[in-house]
Every structure is written in structure tokens, then in C-alpha cells.
Amino acid sequence: MIRIEGLTKRFGDRTVLDRIDLDIAPGERIVVIGPSGTGKSTLLRCLSFLDRPDGGRIALAGLTVDAERATRAEILALRRRTAFVFQNYALFANKTARENITEGLVVVKRQSRAAANARADAILAEIGLADRGDAWPAALSGGQQQRVGIGRAMALDAELMLVDEPTSALDPEWVGEVLDLLRRVAVRRQTMLIVSHEMQFAREIADRVLFMDGGRIVEQGPPEAIFETPSDPRLQAFLRRVG
């Protein structure tokens with residue numbers, strides 16, 4: 001069980017995350033929806049300490065990290081237990097597709113270069129890029145770059161995969177292939193917390209959908225409850241706008 005208690009983040013006088021409490025079961029796939037600027041991406045970034053929370057605790061895989069007292073060693077240990085898929089790919093421009101996948105395996109997982117290359121080649125085949133391992137990111141389409149980003153996260157076998165708006169930077173023609181790959185990852189019961197504006201995707205993939213507004217989780221439940229019988233007026237209004 002992954003437990004998040006009282007997670008808080010402020011930027012200046014603005015509270016972006018307001019004492020978030022959330023439990024995530026092993027293998028559970030959660031999709032976070034809500035208006036822009038309501039703290040969805042910040043939630044993911046705080047869970048991996050890409051943005052340091054101002055308060056709260058995160059517990060997973062035998063590790064508990066207190067935001068106010070977290071040491072560098074604890075933060076690194078937390079990051080070793082999570083994998084992040086960025087909305088803007090965040091590939092190393094000076095590394096090939098294969099090297100982008102092996103970097104975490106060698107640096108974080110301490111695998112040998114040979115073992116990391118073998119794992120990367122298997123991942124590249126799985127994501128449909130077996131023939132593009134030596135390609136530089138600049139030579140890949142947006143959809144291919146995002147697939148490499150997802151492959152990089154897959155390779156880490158993390159306790160929690162954090163996926164931040166994976167299609168927001170893509171041209172419409174590449175959206176389908178990225179969502180299809182995430183569906184295949186989800187079938188494995190990889191524990192996932194996904195921020196997405198793709199409502200149909202959320203319906204299909206999620207065990208639970210969270211609706212955030214004003215830095216808080218306003219309503220949550222199975223997809224059929226969230227999309228068919230929403231109870232909070234803010235969620236009802238949001239679904240009318242995006243529907």
C-alpha cells in the first residue's frame with residue numbers, strides 16, 4: 001500500500017496542494033482529472049520530490065518520507081521506487097533511444113551495461129521501436145519520443161509509475177499510439193497514477209478516478225460513478241465543459 005498523508009505545496013501565497021490524503025493499492029491504476037491549474041501535475045511532481053512538498057508524508061515499499069525533514073538519502077530512495085513519465089518527454093538529447101532507457105538502469109539500479117542494454121532492447125521491441133535504438137531523440141517523432149519515455153519508466157520496474165499528461169505535447173496523430181502503449185502497461189497491473197485530460201482513456205484504464213479542484217481531491221470513485229453519476233457540482237460542471 002502506498003500512503004500519502006497531508007501532502008501540501010505552496011508557491012508563494014498560493015496553496016497548490018491542500019493537505020492531500022490518498023491511499024493507492026498495489027496494482028491500482030488511478031487517473032486524476034480536473035481543470036488546469038488545480039494541482040494535478042504538482043501532485044505527481046511532489047510525490048517524486050521533483051517539487052519539494054511543504055508538508056505531509058509519503059510511505060511506500062517500507063520507506064516513509066516526511067516532507068519537512070526529508071534527507072537527500074531519503075529523497076533518492078523514494079525516487080528509486082518511482083518512475084516518472086513527463087508530458088514533454090524529457091529525453092536526454094545527447095543520448096540515443098537505447099541510452100535513454102539504460103541510463104536509469106545503470107545509475108539508479110546499478111545494473112551492468114550489458115544487462116541494461118539487453119533490458120533496453122527488450123523494451124524497445126515491446127514499444128514498437130526495435131529498429132530505432134540508435135536513433136537520437138531529434139530524429140524521432142513526438143509519439144516515438146514519448147514511447148521511449150514510457151519505456152524508460154517501464155524498465156525501472158518501479159513500485160509507482162507517475163504519468164503526467166502523456167499526450168498533451170503530442171500532435172493528434174500520435175496520441176493514439178501513446179495511449180495504446182499505456183493500456184498495455186496497465187494490463188500488467190503496474191501501479192500507476194496518471195494525470196490526463198483524455199476522458200475516454202480514463203474510463204477505460206482506471207480502477208479509480210480522482211477529480212481535483214482548488215488543490216484538493218473533491219470526488220473520487222470508479223469511472224462509472226465519476227462519469228455517469230457525479231455528485232459534486234464542480235465535477236458536474238467540469239464534465240459538461242469537457243464532454
Side-chain angles (χ1 to χ4, degrees), residues 4 6-22 24 29-56 58 67 82-91 142-143 145-146 149-150 153 160-179 181-183 186 192-223 225-228 230-243:
I4 301 156
L7 198 66
T8 300
K9 178 64 181 176
R10 303 179 191 88
F11 291 113
D13 294 332
R14 180 171 171 243
T15 299
V16 181
L17 296 179
D18 191 2
R19 300 184 302 279
I20 296 288
D21 294 326
L22 179 64
I24 306 172
R29 299 155 310 185
I30 298 176
V31 177
V32 186
I33 63 172
S36 297
T38 196
K40 304 185 301 298
S41 294
T42 301
L43 172 62
L44 267 58
R45 294 182 63 85
C46 284
L47 289 178
S48 59
F49 272 69
L50 293 174
D51 289 335
R52 181 160 184 152
D54 294 303
I58 302 165
T82 61
F84 206 106
V85 177
F86 297 86
Q87 56 182 282
N88 63 347
Y89 327 139
L91 300 183
Q145 289 187 62
Q146 189 60 294
I150 295 169
L160 176 62
M161 184 182 290
L162 302 165
V163 185
D164 186 17
E165 296 273 16
T167 60
S168 65
L170 297 178
D171 292 333
E173 61 185 309
W174 307 122
V175 169
E177 67 180 41
V178 169
L179 294 181
L181 175 56
L182 286 171
R183 289 184 184 97
M192 304 171 78
L193 187 62
I194 305 170
V195 171
S196 181
H197 60 270
E198 303 281 349
M199 297 300 112
Q200 185 57 40
F201 173 69
R203 283 177 179 266
E204 295 172 7
I205 199 175
D207 299 303
R208 184 166 29 136
V209 176
L210 308 183
F211 171 69
M212 287 186 65
D213 192 33
R216 294 185 175 184
I217 298 173
V218 173
E219 189 167 340
Q220 59 182 297
I226 292 295
F227 292 109
E228 296 173 17
S231 59
D232 190 277
R234 287 167 290 181
L235 174 55
Q236 293 170 1
F238 171 77
L239 292 175
R240 284 195 297 270
R241 290 196 301 271
V242 300

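Heads up: numbering here begins at 1 and tracks the sequence. Hydrogens, waters and symmetry mates are skipped; everything else that's a heavy atom, side chains included, is used.
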(Q) My understanding is that only residues two or more places apart in sequence, or in another chain, count here; which of them pass side-chain hydrogen bond (donor to acceptor under 3.5 Å, both in side chains) with R234? (A) D232

Q: Return the set of residues passing side-chain hydrogen bond (donor to acceptor under 3.5 Å, both in side chains) with D213 (not counting sequence neighbours), or none when no residue passes.
A: none

Q. Can you list the residues that meet the salt bridge (charged side-chain N to carboxylate O under 4.0 Å, His left out) rule with R52, with sequence neighbours excluded?
A. none

Q) Which residues satisfy the side-chain hydrogen bond (donor to acceptor under 3.5 Å, both in side chains) test with S168, sequence neighbours excluded? A) Q87

(Q) My understanding is that only one of L91, V163, L50, L44 makes a side-chain contact (heavy atoms from CB on, under 4.5 Å) with F86; could you say which? (A) L50

Q | Residue pair P35 / R241: nearest heavy atoms and the distance that separates them | A | CG-NH2, 4.1 Å

Q: Let me see the working for R203 and E228 under side-chain contact (heavy atoms from CB on, under 4.5 Å), right down to the final yes or no.
A: CA-CA 10 Å; R203 283 177 179 266; E228 296 173 17; 3.9 Å; yes

Q | salt bridge (charged side-chain N to carboxylate O under 4.0 Å, His left out) involving D207 - partner list, sequence neighbours excluded | A | R29, R189

Q: Mind jotting down which residue pairs meet the salt bridge (charged side-chain N to carboxylate O under 4.0 Å, His left out) criterion with at least one end in residues 163-179? Sequence neighbours excluded, please.
A: R147-E177

Q: Kindly indicate, with the supporting measurements, whether the criterion side-chain contact (heavy atoms from CB on, under 4.5 Å) is fulfilled by V32 and M212.
A: CA-CA 7 Å; V32 186; M212 287 186 65; 3.7 Å; yes

(Q) Check whether Q146 reaches the backbone of P166 with its side chain - one donor and one acceptor, N or O, closer than 3.5 Å. (A) yes

Q) Rounded to the nearest 0.5 Å, what separation is found between the CZ atom of R19 and the CG atom of L7? A) 12.0 Å

